[in-house]
Asks: 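The structure follows.
In what follows, chains are A, B, ... by sequence order, proteins preceding strands, each numbered from 1.
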Amino acid sequence: MPARMLTSRSMEMSGICVDRGRLESASKDFERQLHALEDRIHAIAGETFNIQSHQQLGRILFEKLKLPIQKKTKKKTGYSTDVEVLTSLSMEHELPALVLQYRSLAKLKSTYTDALVDMIHPETNRIHTSFNQAVTATGRLSSSNPNLQNIPVRTEEGRKIRAAFVPRKGWTLLSADYSQIELRLLAHYSGDPILVEAFEQDQDIHARTGAEVFNLLPAVITPEMRRQAKVINFGIIYGMSPFRLSKELGITRKMAKIFIENYFRRYEGVQHFIEETIEKARETGKVTTLLGRHRWLPDILSRNRTAREFAERTAINTPLQGTAADLIKIAMVRIHEAFAQEGLKAKMLLQVHDELVFEVPSKELETVKECVTHLMEGVYSLRVPLKVDLKVGHNWAEAY
DNA sequence: ACAATGGTCC
DNA sequence: ACTCGGACCATTGTA
């Protein structure tokens with residue numbers, strides 16, 4: 001393969017090996033569990049129906065069982081039965097919890113195990129995704145046919161699918177991910193003293209935010225407080241409203257507003273960054289990433305409040321998400337070139353926004369780890385350090 | 001074929 | 001009453 005080949009094209013052609021047996025046995029396991037759940041659900045409902053039909057499920061839950069209607073669907077064509085609603089209904093009845101279990105297993109089976117097996121290329125025995133370079137508004141790549149950027153990771157059952165992604169025989173998988181890159185970019189853009197200090201000292205950023213917002217020492221921050229602080233940090237990156245934050249944290253909107261006020265009291269630099277970024281967007285009609293990619297924001301002066309506020313959130317998020325995308329793409333090109341230059345056989349296989357996955361001959365592992373870390377962390381000089389975490393494994397789920 | 005709904009990832 | 005960063009894809013139900 002020519003060394004000058006486009007980096008993402010090379011990744012598409014390399015593909016990634018999946019353990020077909022593991023996927024197929026997971027699929028059978030899911031199917032068995034689905035049948036068991038189906039029987040229990042139908043027995044409790046007192047009739048057979050299509051659990052995957054929102055319409056039929058809604059009639060069972062809200063008409064037959066008379067469970068409280070939490071919300072209607074967007075186009076108010078029916079009852080919402082989404083995970084939020086079913087979780088809440090689980091307090092009152094055993095059926096919704098079983099439907100949730102059924103849904104998550106059905107998702108894993110249809111979207112992942114079964115679909116991925118069908119995508120194994122007959123000649124290479126590997127899965128070759130497409131990395132689309134001109135799809136997203138922020139400059140991220142996207143992945144399709146299949147999408148390998150949303151392989152499950154959160155749950156135990158989901159990680160069984162991730163564990164089916166394996167290196168070729170005698171090689172090993174290496175994953176390198178940027179730690180908190182968007183918050184580090186927020187520190188860079190804003191110059192906020194607390195945020196900058198936290199990253200200069202490589203502190204646990206969510207624990208630090210918890211300490212600041214709740215006015216406590218980091219040592220006494222509980223896991224629950226840290227979790228709330230994490231939601232707040234994500235909320236800042238996304239330009240989250242008090243409404244959304246209150247929903248995410250299960251608190252009143254008034255409390256959410258107080259959290260946000262406390263945050264900005266401590267992180268004044270962040271507040272200024274947000275205000276300046278929106279102001280500049282109003283003047284120019286666009287926002288720009290660190291490397292000069294523009295995103296136009298035609299609604300930034302709209303008289304429609306929803307549209308305008310959406311544009312304002314976009315104005316905050318795009319420089320962060322888009323710059324992160326710029327930086328990892330530069331690192332990818334440099335790594336691809338460096339592998340060729342150094343005569344390394346290691347291959348870059350996947351990009352998942354802030355993570356790169358490589359397949360590495362065992363003999364090259366130490367060299368490749370060093371090279372990847374160096375090029376990713378040194379991709380661009382910022383006011384705070386960039387940090388990369390490495391994981392090595394026999395598959396994509398297991399680090400050792 | 002398309003809209004609506006829901007769910008997976010960063 | 002509603003708001004809600006960036007993607008891709010499966011299923012149901014209707015046209």
Side-chain angles (χ1 to χ4, degrees), chain A residues 49-58 71-87 99-100 102-116 118-119 129-155 157-159 161-162 177-183 185-186 231 233-248 253 256 287 295 297 304-325 328 350-356 396:
Chain A
F49 67 100
N50 185 348
I51 301 163
Q52 307 213 87
S53 161
H54 310 123
Q55 218 172 71
Q56 294 179 42
L57 178 63
K71 58 179 176 182
K72 296 289 187 78
T73 54
K74 269 235 172 4
K75 291 279 172 188
K76 55 186 199 169
T77 48
Y79 317 106
S80 172
T81 66
D82 67 15
V83 62
E84 192 189 334
V85 168
L86 295 186
T87 302
V99 173
L100 283 172
Y102 184 94
R103 283 235 183 107
S104 66
L105 285 171
K107 174 77 176 181
L108 292 179
K109 184 174 186 306
S110 67
T111 305
Y112 298 105
T113 53
D114 293 355
L116 288 174
D118 289 341
M119 296 297 292
T129 185
S130 295
F131 283 109
N132 315 296
Q133 300 201 64
V135 168
T136 70
T138 56
R140 277 185 172 184
L141 301 185
S142 79
S143 160
S144 58
N145 299 305
N147 181 359
L148 295 185
Q149 291 178 324
N150 72 344
I151 300 302
V153 68
R154 225 177 59 255
T155 68
E157 294 293 69
R159 279 193 296 274
I161 288 158
R162 190 164 281 238
D177 72 286
Y178 278 118
S179 168
Q180 306 293 354
I181 188 167
E182 288 176 351
L183 284 172
L185 288 168
L186 179 61
V231 174
N233 277 332
F234 275 103
I236 297 299
I237 294 170
Y238 296 160
M240 195 183 280
S241 63
F243 175 81
R244 173 70 181 268
L245 185 67
S246 63
K247 246 176 59 171
E248 295 275 338
R253 210 178 321 179
V287 286
R295 179 167 181 184
L297 298 171
N304 177 330
R305 196 184 64 137
T306 304
R308 185 179 65 247
E309 289 180 346
F310 194 100
E312 290 174 355
R313 285 189 290 276
T314 306
I316 302 309
N317 178 257
T318 295
L320 303 173
Q321 186 181 128
T323 300
I328 196 167
L350 301 177
Q351 189 253 42
V352 192
H353 310 306
D354 64 358
E355 172 188 14
L356 297 175
W396 194 13

Asks: Has A:Ser144 got a side-chain atom pairing as donor or acceptor with A:Asn147's backbone, closer than 3.5 angstrom?
Replies: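 Not confirmed, A:Ser144 side chain does not pair with A:Asn147 backbone.
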Asks: Under 4.0 Å between a side-chain N/O of A:Ser53 and OP1 or OP2 of C:dG13, yes or no?
Replies: yes
Asks: Rounded to whole angstrom units, what separation is found between the CD1 atom of A:Ile236 and the P atom of C:dC4?
Replies: 17 Å
Asks: Determine the Euclidean distance between corresponding P atoms of C:dA1 and B:dG7; express it in Å to zero decimal places.
Replies: 24 Å
Asks: So does A:Thr81 get a side-chain nitrogen or oxygen closer than 4.0 Å to the phosphate oxygens (OP1/OP2) of B:dG6?
Replies: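 True: A:Thr81 side-chain N/O within range (under 4.0 Å) of B:dG6 OP1/OP2.
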Asks: Measure from the side-chain N and O atoms of A:Ser246 to the backbone N and O of A:Phe243, and report whether any donor-acceptor pair falls under 3.5 Å.
Replies: yes
Asks: Taking the side chain of A:Asn132 as its heavy atoms from C-beta onward, which of C:dC8, C:dT11, C:dG5 lies nearest to it?
Replies: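 The answer is C:dC8.
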Asks: Taking the side chain of A:Pro152 as heavy atoms from C-beta outward, which of C:dA10, B:dG7, B:dT8 is closest to it?
Replies: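 The listed nucleotide nearest to A:Pro152's side chain is B:dT8.
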Asks: Is A:Ser80 near enough to B:dG6 that one of its side-chain N or O atoms lies under 4.0 angstrom from OP1 or OP2?
Replies: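 It does, given that an N or O in the side chain of A:Ser80 lies less than 4.0 Å from OP1 or OP2 of B:dG6.
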Asks: Please answer whether the main-chain N or O of A:Gly58 pairs with a side-chain N or O of A:Thr81 as donor and acceptor at a distance below 3.5 Å.
Replies: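 Not a single qualifying donor-acceptor pair exists.
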Asks: Given that A:Ser142 and A:Thr306 both sit by DNA chain C, which one's nearest nucleotide is further toward the 5' end?
Replies: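 Going by which nucleotide is closer to the 5' end, it is A:Thr306.
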Asks: Hey, is the side chain of A:Arg103 poking within less than 4.0 Å of OP1 or OP2 on B:dG6, counting only N and O atoms?
Replies: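 Checking A:Arg103 against B:dG6: no side-chain N or O falls below 4.0 Å of OP1 or OP2.
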Asks: Does a side-chain N or O of A:Thr73 approach OP1 or OP2 of B:dT5 to a distance below 4.0 Å, or not?
Replies: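 It does, given that an N or O in the side chain of A:Thr73 lies less than 4.0 Å from OP1 or OP2 of B:dT5.
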Asks: Rounded off to whole Å, could you give me the CG-to-P distance for the A:Asn50 and C:dT12 pair?
Replies: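 So the CG-P distance, A:Asn50 to C:dT12, works out to 5 Å.
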Asks: Tell me whether A:Gln56 contacts the main-chain N or O of A:Asn50 through its side chain, where contact means a donor paired with an acceptor under 3.5 Å.
Replies: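 Yes; judged by distance alone, with no hydrogens or angles, the pair exists.
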Asks: Between C:dT11, B:dC10, B:dG7, which one does the side chain of A:Val83 approach most closely?
Replies: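 It is B:dG7.
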Asks: Please find the pair of heavy atoms, one from A:Leu148 and one from A:Ser143, that lie closest to each other, and give the distance.
Replies: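 So the two residues come closest at N-OG, 2.8 Å.
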Asks: How close or far is atom P of C:dA7 from atom CZ of A:Arg140, stated in whole angstroms?
Replies: 9 Å
Asks: Between B:dC10, C:dC2, C:dG5, which nucleotide gets closest to the side-chain atoms of A:Val153?
Replies: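 When the side chain of A:Val153 is considered, B:dC10 is the closest of B:dC10, C:dC2, C:dG5.
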Asks: Send over the distance from A:Asn147 CG to C:dG6 P, rounded to a whole Å.
Replies: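 From A:Asn147 CG to C:dG6 P: 17 Å.
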Asks: Give one of base, sugar-phosphate or nothing for A:Arg295, where a contact means two heavy atoms less than 4.0 Å apart.
Replies: sugar-phosphate
Asks: NA contact type, A:Ser143, heavy-atom cut-off 4.0 Å: base, sugar-phosphate, or nothing?
Replies: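 Sugar-phosphate contact only - A:Ser143 comes under 4.0 Å of backbone atoms but never of a base.
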Asks: Measure CZ/A:Phe310 against P/C:dC2 and give the value in whole Å, please.
Replies: 18 Å
Asks: Which part of the nucleic acid, if any, lies within reach of A:Ala137 when heavy atoms closer than 4.0 Å are counted: base, sugar-phosphate only, or nothing?
Replies: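 Sugar-phosphate only.
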Asks: What is the nucleic acid contact for A:Gln56, judged by heavy atoms within less than 4.0 Å: base, sugar-phosphate only, or nothing?
Replies: sugar-phosphate
Asks: Please report, rounded to the nearest Å, how far the C1' atom of C:dC9 is from the CG atom of A:Asp114.
Replies: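 So the CG-C1' distance, A:Asp114 to C:dC9, works out to 14 Å.
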Asks: Which of these nucleotides, C:dC8, C:dC4, C:dC2, is closest to any side-chain atom of A:Arg305?
Replies: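 Shortest atom-to-atom distance from the side chain points to C:dC2.
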Asks: Quick one: are A:Asn317 and A:Ile237 in side-chain contact, heavy atoms under 4.5 Å?
Replies: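 Of all side-chain heavy-atom pairs linking A:Ile237 with A:Asn317, at least one is under 4.5 Å.
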Asks: Heavy atoms only: give me the nearest A:Asn145-A:Met119 pair and the separation to one decimal.
Replies: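 Minimum heavy-atom separation between A:Asn145 and A:Met119: O-CE, 2.9 Å.
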Asks: Below 3.5 Å, does any donor atom in the side chain of A:Arg313 face an acceptor in the base of C:dT3, or the other way round?
Replies: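 No, the side chain and the base share no sub-3.5 Å donor-acceptor pair.
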Asks: Out of C:dG5, C:dC4, C:dA10, which nucleotide sits closest to the side chain of A:Thr314?
Replies: C:dG5
Asks: Rounded to the nearest Å, what distance is computed from the CZ atom of residue A:Phe243 to the P atom of nucleotide C:dA1?
Replies: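 Roughly 11 Å, once rounded to whole Å.
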Asks: Which part of the nucleic acid, if any, lies within reach of A:Ile151 when heavy atoms closer than 4.0 Å are counted: base, sugar-phosphate only, or nothing?
Replies: sugar-phosphate
Asks: Side chain of A:Lys107, heavy atoms from C-beta onward: which of C:dC4, B:dT8, C:dG6 has the nearest atom to it?
Replies: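 Of all the options, the side chain of A:Lys107 is nearest to B:dT8.
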Asks: Rounded to the Å, how far apart are A:Gln321 CD and C:dG6 C1'?
Replies: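 Taking CD of A:Gln321 and C1' of C:dG6, I get 4 Å after rounding.
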